Amino acid sequence: MNFTQDLRLLLKSRYPIIVINTREEDRLEYIIKHSLNCSNSQQVYSWDFVDGYTNNPSDNGYAKRNPLLALEFIENLNNESLNLFLLKDFDSFLNEIVLIRKLRNLAKIIKTQSKHIIIISCKINIPFALNDIITVIDLPLPSLLEIKKEIIRLSKALNLNLNSELVNNITKSCQGLSIDRIRKVITKIIAQYNQIDSRSLPIIIEEKRQIINQTHLLEFYPYSKVNRDIGGLDVLKQWLQKRSRSFSKQSLNYGIPSPKGLLLVGIQGTGKSLTAKAIASDWMLPLLRLDMGKLFGGLVGESESKMREMINISEGLSPCILWIDEIDKAFSGLHSQGDSGTSARVFGTFITWLSEKKAPVFVVATANKIQSLPSEMLRKGRFDEIFFLDLPNRQERESIFKIHLSKVRPRSWQKYDIHELSLLCNKFSGAEIEQAIIESMHTAFSEEREFSTEDIKIAIKQFVPLAFTDKEQVESLQAWAGDGRARNASLT
Ligand SMILES: Nc1ncnc2c1ncn2[C@@H]1O[C@H](COP(=O)(O)OP(=O)(O)OP(=O)(O)O)[C@@H](O)[C@H]1O
């Protein structure tokens with residue numbers, strides 16, 4: 001069901017108070033007035049804290065700076081027809097006892113009348129006493145069709161002649177932005193170039209990157225073709241290769257459901273993050289990195305809004321890859337957190353979204369400590385597959401050496417004795433192999449000469465890998481995976 005269908009159903013089922021989670025007040029008002037066919041028989045009243053009611057000359061300014069009076073207006077209105085009351089800024093007062101009581105009383109009355117209160121809010125923090133009478137839904141970011149209509153409307157208003165290819169490209173790059181932001185960025189482009197052409201695309205993408213990064217929750221990496229070679233992990237790579245076109249139109253027409261995502265569990269430095277970035281690059285999709293720690297930081301109640309915002313942005317940008325780094329850190333000790341159940345609720349929202357999402361958002365979650373992950377997350381149906389990334393075997397180490405040496409010495413990497421080096425660094429992770437190469441380069445550079453196999457051998461000998469310093473943790477992960485709870489990412 002889409003947003004308007006959802007809303008219509010709630011109104012038809014006589015839900016008295018609905019909170020709509022969005023920052024786009026104007027767009028929501030437009031959608032409500034137009035797609036709900038609000039004719040004369042369906043009156044939409046709009047209230048905000050500063051101007052009071054604004055829609056009707058006879059009520060203009062009524063209940064200005066007085067949320068209680070705004071509710072009394074709803075109670076006293078005698079009107080047989082369907083009435084919707086859009087209340088802006090109202091979420092800031094939801095914790096006041098007088099308003100909680102008034103809303104509870106009013107909910108009973110308006111249930112039997114054709115009145116509905118719609119609270120527009122971008123921070124969901126519903127007091128416990130109102131949970132049973134309030135329903136929260138989200139206004140998704142504009143669809144491609146809505147964006148395209150807006151681009152065409154703007155270009156007509158600005159007297160610009162855009163060909164259809166440019167309209168499509170601009171539309172695609174605006175995906176994930178609100179209508180308001182789209183207007184702002186187009187105005188900025190016009191101010192700079194006096195027209196819209198292919199130079200506009202990087203400006204839009206940069207604007208999008210900044211806006212998403214401002215959430216302090218998500219980081220946006222637009223699609224770019226970067227060579228991200230992964231050494232070893234052949235089973236995982238084959239699995240991914242098979243699904244590389246699963247977000248294409250052809251795959252959809254074939255009837256294949258979009259893949260949900262992967263959980264990558266493994267020892268530090270074994271290529272989990274590298275894999276997330278490589279998927280985005282190979283599948284030619286943008287990448288969003290979610291900072292789970294930030295989700296739970298900040299004020300009480302914020303994490304719920306943030307989780308909804310994260311879902312809204314990633315669905316608005318889809319198809320995309322959502323990389324959730326160190327998911328174990330965010331949800332560890334979930335049931336013992338003394339935050340009156342917020343973490344558990346946010347976790348519930350996340351898990352439900354993961355299992356039921358229809359939008360093509362491919363989630364790549366990474367974790368180092370499987371013991372701290374809630375068991376609900378490991379259940380079938382959450383992720384398509386759980387892979388375990390172990391320390392690389394000898395052959396894998398050889399290909400990791402090859403990847404990193406050919407990166408720094410593209411013409412002469414063959415002169416290094418990769419076979420011997422790979423034998424020497426048993427129990428090294430990919431990151432540690434890379435580190436040993438860098439260390440040997442530093443040594444040789446400081447002595448003003450080229451680095452050699454011998455330098456790398458010395459660096460390896462001096463290096464104490466994590467497999468020794470954190471032996472217990474590494475072995476317990478290996479034992480967990482050995483029990484068949486995850487698929488090995490490497491050929492054994
Ligand atoms: N299999 C591999 N092939 C090539 N390079 C690798 C591999 N594994 C690790 N590396 C190198 O090590 C770097 C760090 O690895 P990465 O960040 O992907 O590890 P991780 O498993 O995500 O570690 P952490 O759990 O600490 O986040 C990579 O950017 C890459 O340069």
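Counting convention: from 1, in listed order, for ligands and their atoms alike. Index from 1, following the sequence. Only a predicted model underlies this, so the values are computations on that prediction, with no experimental measurement involved.
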* Nearest heavy-atom pair of Met310 and Leu322: which atoms, and what distance? ->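 The pair with the smallest heavy-atom distance is SD-CD2, 3.7 Å.
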Donor-acceptor contacts, no H, no angles, side chain residues 482-490, under 3.5 Å, sequence neighbours left out:
| residue | atom | partner | partner atom | Å |
| --- | --- | --- | --- | --- |
| Asp483 | OD2 | Arg485 | NH2 | 3.1 |
| Arg487 | NH1 | Glu385 | OE1 | 3.1 |
| Asn488 | OD1 | Ser490 | N | 3.1 |
| Ser490 | OG | Glu396 | OE1 | 3.4 |
| Ser490 | OG | Glu396 | OE2 | 2.7 |

* Identify, with sequence neighbours excluded, every residue that meets salt bridge (charged side-chain N to carboxylate O under 4.0 Å, His left out) alongside Glu420. =>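 With sequence neighbours excluded, Glu420 shows a salt bridge (charged side-chain N to carboxylate O under 4.0 Å, His left out) to Lys457, given in chain and number order.
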* Residues in salt bridge (charged side-chain N to carboxylate O under 4.0 Å, His left out) contact with Asp470, at least two apart in sequence or another chain ->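 With sequence neighbours excluded, Asp470 shows a salt bridge (charged side-chain N to carboxylate O under 4.0 Å, His left out) to no residue whatsoever.
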* To do: Kindly tell me which protein residues have any non-hydrogen atom under 4.0 angstrom away from an atom of ligand 1, grouped by chain and ordered by number?
  =>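 Near ligand 1, by chain and number: Asp229, Ile230, Gly231, Ile267, Gln268, Gly269, Thr270, Gly271, Lys272, Ser273, Leu274, Asn368, Ile400, His404, Gly430, Ala431, Glu434.
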* To do: Assert yes or no for the condition that the ring centre distance of Phe401 to Tyr416 is strictly below 6.0 Å.
  =>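 Centroid separation for Phe401 and Tyr416: 6.0 Å or greater.
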* Please check if the distance between the ring centroids of Trp283 and Phe362 is under 6.0 Å. =>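 They qualify: ring centres under 6.0 Å apart.
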